[in-house]
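Everything numeric in this text was worked out from a predicted model, so none of it was measured. When a residue number appears, it is its place in the shown sequence, counting from 1.
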Amino acid sequence: MSSRIEQIIEEIEEYVDSCKYQPLSTTKIVVNKEELEEMLRELRMKTPDEVKRYQKIISNKDAILADAQSKADGIIADAQAKAQELVSQHEVMQQAYAQANDTISKANKQAQEILDSATTDANNIRMSAISYTDDMLANLSQIMGNTLQDAGEKYKNFITSLQSCYDVVTKNRSELGVQPSTPEIDTVEELEALEDEEEE
């Protein structure tokens with residue numbers, strides 16, 4: 001069963017695939033900003049819960065090992081009890097020792113196998129959780145990177161358009177022969193610098 005984050009990522013991918021291309025472009029698309037931001041907002045809210053979920057899975061490693069150790073101790077204790085019972089029977093003393101040693105050896109081997117299996121399972125769970133979380137964050141990083149790049153291009157196009165309009169206005173005023181009462185701005189860099197000064 002897929003997580004909500006995987007579902008959201010699939011929804012974003014489907015939404016992007018369903019968007020129309022901008023006129024005269026085969027790479028840029030037109031998106032509904034509010035709809036995309038809503039999906040990204042839900043993705044941002046769900047990410048911490050998913051990470052906590054897999055952290056909890058990783059933390060279960062100790063519980064798995066503790067349970068395996070408990071089972072191993074029980075097997076050894078049972079084997080030792082059986083060995084003691086065999087030893088107490090004087091008629092079969094030598095046979096009891098041999099059986100006791102064999103039982104304890106098998107118990108130790110079985111206990112070690114349980115511990116090894118539990119350790120392997122716990123490590124596999126941990127690595128799977130880390131790998132899944134990393135893949136999820138990588139997809140999120142790619143989506144956010146693409147969004148930032150698209151926003152940067154839109155801003156650059158806006159500034160270029162604004163500069164063109166500004167040049168036309170400045171030219172028209174110049175043709176009127178009126179001394180401008182506001183400082184002239186000739187470049188996009190000067191416009192951005194002026195905006196920075198106003199913000200300060």
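- Residues Cys19 and Val31 come closest through the heavy atom pair SG-CG1, 3.8 Å.
- Here Lys33 contributes atom NZ and Thr147 contributes atom OG1; the two are 11.5 Å apart, rounded to the nearest 0.5 Å.
- With rounding to the nearest 0.5 angstrom, the CD atom of Glu113 is 12.0 Å from the NZ atom of Lys106.
- Applying the salt bridge (charged side-chain N to carboxylate O under 4.0 Å, His left out) test to Glu35 and every residue at least two apart in sequence or in another chain returns nothing.
- When atom types are taken as modelled, the side chain of Thr170 and the backbone of Tyr166 share a donor-acceptor pair closer than 3.5 angstrom.
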side-chain contact (heavy atoms from CB on, under 4.5 Å) between Val16 and Ile12, intermediate numbers included = CA-CA 6 Å; Val16 171; Ile12 292 175; 4.3 Å; yes

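- Between Met39 and Ile143, every side-chain heavy-atom pair lies at or beyond the 4.5 Å cut-off.
- A donor-acceptor pair under 3.5 Å links the side-chain atoms of Asn157 to the main chain of Glu153, judged by distance alone.
- Looking at every heavy atom in both residues, Leu65 comes nearest to Leu115 through O-CD2, 4.2 Å.
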Checking side chain to side chain donor-acceptor pair (under 3.5 Å) for the pair Gln112/Asn108: CA distance, chi angles, key distance, verdict?
-> CA-CA 6 Å; Gln112 187 60 49; Asn108 285 329; over 6 Å; no

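- Here Arg41 contributes atom CZ and Ile8 contributes atom CD1; the two are 12.0 Å apart, rounded to the nearest 0.5 Å.
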Step-by-step side-chain contact (heavy atoms from CB on, under 4.5 Å) determination, Asp67 to Lys71 | CA-CA 6 Å; Asp67 181 64; Lys71 290 180 180 178; 3.3 Å; yes

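- Sparse packing is recorded around CD of Glu85, with 12 or fewer heavy atoms of other residues, nucleotides or ligands lying under 6.0 Å away.
- Rounded to the nearest 0.5 Å, atoms CD1 (Ile159) and OG (Ser164) are 12.5 Å apart.
- At distances below 3.5 Å, not a single donor-acceptor pair connects side-chain atoms of Asp78 with backbone N or O atoms of Gly74.
- Annotation: side chain of Gln163 is in contact with side chain of Asp167 (closest heavy-atom distance under 4.5 Å).
- In this structure, the separation between CD1 on Ile114 and CD1 on Ile75 is 4.0 Å, given to the nearest 0.5 Å.
- Although no hydrogens or angles enter the test, the distance criterion places a donor-acceptor pair under 3.5 Å between the side chain of Asn124 and the main chain of Thr120.
- A donor-acceptor contact shorter than 3.5 Å is absent between the side chain of Ser105 and the backbone of Asp102.
- Surrounding OH of Tyr21 are at most 12 heavy atoms belonging to other residues, nucleotides or ligands under 6.0 Å away.
- Hydrophobic clustering (ILVMFWY, side-chain heavy atoms < 4.5 Å, transitive): Ile9 and Leu40 are in one cluster.
- Linking Ile, Leu, Val, Met, Phe, Trp and Tyr whenever their side-chain heavy atoms come within less than 4.5 Å puts Leu162 and Tyr155 in one cluster.
- The cluster map of Ile, Leu, Val, Met, Phe, Trp and Tyr, joined by side-chain heavy atoms under 4.5 Å apart, puts Met45 and Leu43 in different clusters.
- Asp121 has its side chain within reach of Ser117: a pair of non-hydrogen atoms, C-beta onward, lies under 4.5 Å apart.
- The salt bridge (charged side-chain N to carboxylate O under 4.0 Å, His left out) search around Asp73 returns none, not counting sequence neighbours.
- Note: Lys46 NZ to Gln7 CD = 9.5 Å, rounded to the nearest 0.5 Å.
- Residue Ile29 comes nearest to Gln22 through the heavy atom pair O-NE2, 3.7 Å, listed as atom of the first residue, atom of the second, then distance.
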